[in-house]
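Since the structure comes first, as structure tokens, the remarks are kept for the end.
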Amino acid sequence: QVQLVESGGGLVQAGGSLKLSCAASGSIFSINTMGWYRRAPGKQRDLVAHINKSGATNYEDSVKGRFTISRDNAKNTVYLQMNSLKPEDTAVYYCKVTIQTRQWQRESDYWGQGTQVTVSS
């Protein structure tokens, strides 16, 4: 079994910063891609950023230059540093981690429980 625990959400004023964390634990053989998604009210869940095992990153256009994704492989943790936050960044943020739980077993995607980020104007 695998568990993902997110933390770091909250309420912040426009222009402020927050840092999200997502720690994976349990039966983990290896971790491939780690990423962050968000779902704004009334909208679908969209990719914000992801980082692969080699550290290559990809960002949604609206967050480029403001958000930074990183990972600590020793801690099985992915982070999202969010700077210059805007009201339109308000959403529930979810981490998604692609994990191989045993050698020779297929990878599966696991999702965090979600953490609310609210940016006031």
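Keep in mind that what you see is a predicted model, and the values were worked out from it rather than measured. One is the number of the first residue; the rest follow in order along the sequence.
Scanning all heavy atoms of the two residues, the minimum distance from Asn32 to Glu107 falls at ND2-OE2, 3.2 Å. The minimum heavy-atom distance linking Gly112 with Leu4 is given by the pair N-CD1, 3.6 Å. Between Leu20 and Gly9, the shortest heavy-atom distance links the atoms CD2-N, 3.6 Å. Minimum interatomic distance between Ala24 and Ile31 (heavy atoms only, all atoms of both residues): CB-CD1, 4.3 Å. The minimum heavy-atom distance between Cys95 and Val78, with the atom names listed, is CB-CG1, 4.5 Å. When all heavy atoms of Thr90 and Gln116 are compared, the closest pair comes out as CG2-NE2, 4.0 Å.
For the atom pair Ile51 CD1 and Thr57 OG1, the distance stands at 6.0 Å (nearest 0.5 Å).
Looking only at side-chain heavy atoms (C-beta outward), Gln3 and Ile28 stay at 4.5 Å or farther from each other. For the pair Met82 and Ser17, the minimum side-chain heavy-atom distance is 4.5 Å or more. Side chains of Val48 and Tyr59 form no contact here, defined as non-hydrogen atoms less than 4.5 Å apart.
Look at Asp89 and Lys86 and you find no salt bridge, because none of the NZ, NE, NH1 or NH2 atoms lies under 4.0 Å from a carboxylate O.
Ring-centre distance between Tyr37 and Trp111: below the 6.0 Å cut-off.
Heavy atoms of other residues, nucleotides or ligands lying less than 6.0 angstrom from NZ of Lys64 number more than 12. Remark: Gln1 CD is loosely packed, at most 12 non-hydrogen atoms of other residues, nucleotides or ligands lying under 6.0 Å away.
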side-chain contact (heavy atoms from CB on, under 4.5 Å) between Leu47 and His50, intermediate numbers included: CA-CA 8 Å; Leu47 174 69; His50 64 73; 3.5 Å; yes

Residue pair Phe67, Ser84: steps toward the side-chain contact (heavy atoms from CB on, under 4.5 Å) verdict: CA-CA 8 Å; Phe67 291 9; Ser84 302; over 6 Å; no

side-chain contact (heavy atoms from CB on, under 4.5 Å) between Val2 and Thr101, intermediate numbers included: CA-CA 8 Å; Val2 173; Thr101 56; 3.8 Å; yes

Full working for side-chain contact (heavy atoms from CB on, under 4.5 Å) between Val117 and Leu18: CA-CA 9 Å; Val117 171; Leu18 285 173; 3.9 Å; yes

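Asp72 and Thr77 share no donor-acceptor pair across their side chains, judged by distance under 3.5 Å alone. Of the N and O atoms on the side chains of Ser30 and Gln100, at least one donor lies less than 3.5 Å from an acceptor on the other residue.
With sequence neighbours left out, Tyr94 forms a ring-ring contact (aromatic ring centres under 6.0 Å, His included) with no residue at all.
Put simply, Val92 and Val12 are part of two different groups of oily side chains (I, L, V, M, F, W, Y) that touch within less than 4.5 Å, one to the next. No continuous path of ILVMFWY side-chain contacts below 4.5 Å connects Tyr79 to Ile69, so the two sit in separate hydrophobic clusters.
Of the possible donor and acceptor atoms, none in the side chain of Arg71 sits under 3.5 Å from a partner among the backbone N and O of Gly35. The backbone N or O of Gln44 lies less than 3.5 Å from no partner atom in the side chain of Arg39, so there is not a single donor-acceptor pair.
For Lys96 and Tyr110, the positive end is not near the middle of the six-membered ring at less than 6.0 Å and at most 45° from its axis.
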